[in-house]
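Here is the structure we will look at, set down as structure tokens.
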Amino acid sequence: MNKRDELWWRHGIFYQIYPRSFQDSNADGVGDIKGIIDRLPYLQALGVDAIWLSPIFPSPMADFGYDIADYTGVDPLFGTMEDFDLLVKAAHAAGLKIILDLVPNHTSDLHPWFVESRRSRDDPRRDWYIWREPAADGGPPNNWMSEFGGSAWQYDAATEQYYYHAFLAQQPDLNWRNPAVRHAIHDVMRFWLRKGVDGFRVDVIWHLIKDKEFRDNPPNPNFREGRPPHKKILPLHSTDQPEIHDVIAQMRRVIDEFDCRVLIGEIYLPLERLVAYYGRDLAGAHLPFNFALLSAPWHARAIEKIIFEYEQVLPAGAWPNWVLGNHDRPRVASRVGQDQARVAAMLLLSLRGTPTLYYGDEIGMHQVAIAPDQVRDPFEKNVPGVGVGRDGCRTPMQWNATPNAGFSTSPPWLPVADDFVHENVVNLEADSRSILSLYRALIGLRKKLPQLVSGAYVPIAAEGDLLLYRRQSEGKAVVVALNLGAEPVSVATDAFRPGGEILLSTFLDRQGEKIRGSLDLRGNEGVIIGG
Ligand code: GLC
């Protein structure tokens, strides 16, 4: 890839690594930076262009690194700053970009800023966090709830005020209305950008600014028992405030001080609100993560509707993106089933916009059941039994059939999936029809055919289990036909040009087959047709 290629993040493919679970190099059961360096050839062969690392910074690990105690260091668990510098060098030499996680909404309660802030009401750092007087009855200042259960306010007896935490009490929220906080985080960004990182994925970016008046949030009329408790109220005043867009535009200006960098935002919002995060005149995030597929019902019409709506609401010039999995959501292979996981891969890699892959999805890793005494995730510990646990999608990468799947020579921090003896990189690489081979073929095809990256999305049909669309640019087109069900489907359509041929089937066994009249799809089959 060209170093001066400003738009690399448009045609590139992103790959998320959860560093704790990718590759352990020092036998402590937790993945690390050296392990990632060792696995760069794998990522190169897969064909991805950029890797995003979940947090690697010093942290007490209350939320596994999303509670940061030092923004410009490396946690010894993951290695040293020298290891990180080596990773950047080695990745760049391999043609891979490095994206870091930026977690500006909150710090660890052990971050020196918070230690100072809680010292006294008149400490110069007091206003770096969100402190409020108790309500008249001595209770929390308002009804805002933590995403991880309970009130979002923690009482601090020493100074007799509450501080706000959108997540754990060990993750106090920074006060983004304070310019000093903005400057401090901008300097953190510059620190890493100078080291050569290619951009950031910004954690919970839609949370940064809260209502100035701290008004109570309204109840959620659609709340049903059995759902996580924080869903009882709508986060109307605690997230997605209009002032957020200035904050992001400022971050973007920092990004733009450097060449060819990217700003990605983590945002769980309905599509029409999500797209505001591109910013006025596209001066916001380059890529506000589009998570619509993470919760999409797996039906042709539902998916078609999402794609269509997204294409409709995208501002002019805004570049789309798609995500099938991440470290917070159940594995796609379990959500849609192993058979459909291949169809999902074809969908992800044939839509317009930048795809982000989650480590292990390319080998079909499934959600691992975690025994109660093995739960590590604080969300599951705080809110047990309603299915919010995130450990099952964070289990060690399955590299080979040796003990612990080649991830570590010691017992790993989370259990390895029980099917690792068969479902591992070595085995799947040797099988030319495996899901891993499919991912490689899809990525290869996407690199070969620009219409798959940037061609217009033209819906053709969404009926029953069939999802059919065309991707076309400058006279070149491909047709994508996905069977989202287990029964065969016959597609009689004039959507295919005479002489068209199958470029790829999810079963990897029909390349070159000519289409005559109709197209027969097997159950759980997707094909890309060119010609
Ligand atoms: C984001 C992260 C998640 C973390 C939360 C709090 O949603 O993806 O893993 O727990 O922020 O930092």
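Source: prediction; values computed, not measured. All values below were derived from every heavy atom in this structure, side-chain atoms included, with hydrogens, water molecules and symmetry-related copies excluded. Position 1 is the first residue of the sequence; numbering continues from there.
Ring geometry, Trp52 versus Phe289: the interplanar angle falls from 30° to 60°, so the pair is classed tilted. Note on ring orientation: taking the six-membered ring where Trp is involved, the planes of Phe167 and His106 are tilted (angle from 30° to 60°). Relative ring orientation between Tyr129 and Phe114 is described as perpendicular, the plane-to-plane angle rising above 60° on a 0-90° scale split at 30° and 60°. Between His186 and His183, the two ring planes are perpendicular [angle over 60°; tilted spans 30° to 60°]. The aromatic rings of Tyr359 and Phe22 sit perpendicular, their planes meeting at an angle over 60°, well past the 30° parallel limit. Relative orientation of the Tyr71 and Trp113 rings is tilted, given thresholds of 30° and 60° on the angle between their planes. In this structure, Phe379 and His230 have tilted ring planes: the angle between them lies in the 30° to 60° band.
Because its NZ or CZ atom is both nearer than 6.0 Å to the ring centre of Trp413 and within 45° of the ring axis, Arg20 counts as a cation-pi partner of that residue. A cation-pi contact links Arg126 to Trp131, judged by a cut-off of 6.0 Å to the six-membered ring centre and 45° from its axis.
For the pairing with Thr354, the side-chain hydrogen bond (donor to acceptor under 3.5 Å, both in side chains) check across Trp319, Trp9, Trp8 returns one residue only, Trp319. Partner Asp361 forms a salt bridge (Lys or Arg N to Asp or Glu O under 4.0 Å) with one of Arg342, Arg335, Arg331 and no other, that one being Arg331.
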Problem set entry | Chi angles and distances behind the side-chain hydrogen bond (donor to acceptor under 3.5 Å, both in side chains) call for Ser59, Asp75 | CA-CA 7 Å; Ser59 163; Asp75 196 289; 5.4 Å; no
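Residues Arg329 and Val323 are not in side-chain contact: their nearest non-hydrogen atoms beyond the backbone lie 4.5 Å or more apart. At least one side-chain heavy atom of Asp211 sits under 4.5 Å from a side-chain heavy atom of Trp144. Ile130 places a side-chain heavy atom less than 4.5 Å from the side chain of Trp153.
The aromatic ring centres of Tyr310 and Trp322 sit less than 6.0 Å apart. Ring centroids of Trp192 and Phe57 are separated by less than 6.0 Å, placing the two rings close together. Ring-centre distance between Tyr278 and His286: not below the 6.0 Å cut-off.
Closest of all the heavy-atom pairs between Asp127 and Asn178 is O-ND2, 3.2 Å.
For Asp49 and Lys97, the salt-bridge test fails: no basic side-chain N is under 4.0 Å from an acidic carboxylate O.
By the neighbour-count criterion of 12 heavy atoms within 6.0 Å, atom CZ of Arg190 is densely surrounded, having more than that number from other residues, nucleotides or ligands. By the 6.0 Å contact criterion, NZ on Lys89 is open, its count of non-hydrogen atoms from other residues, nucleotides or ligands being 12 or less.
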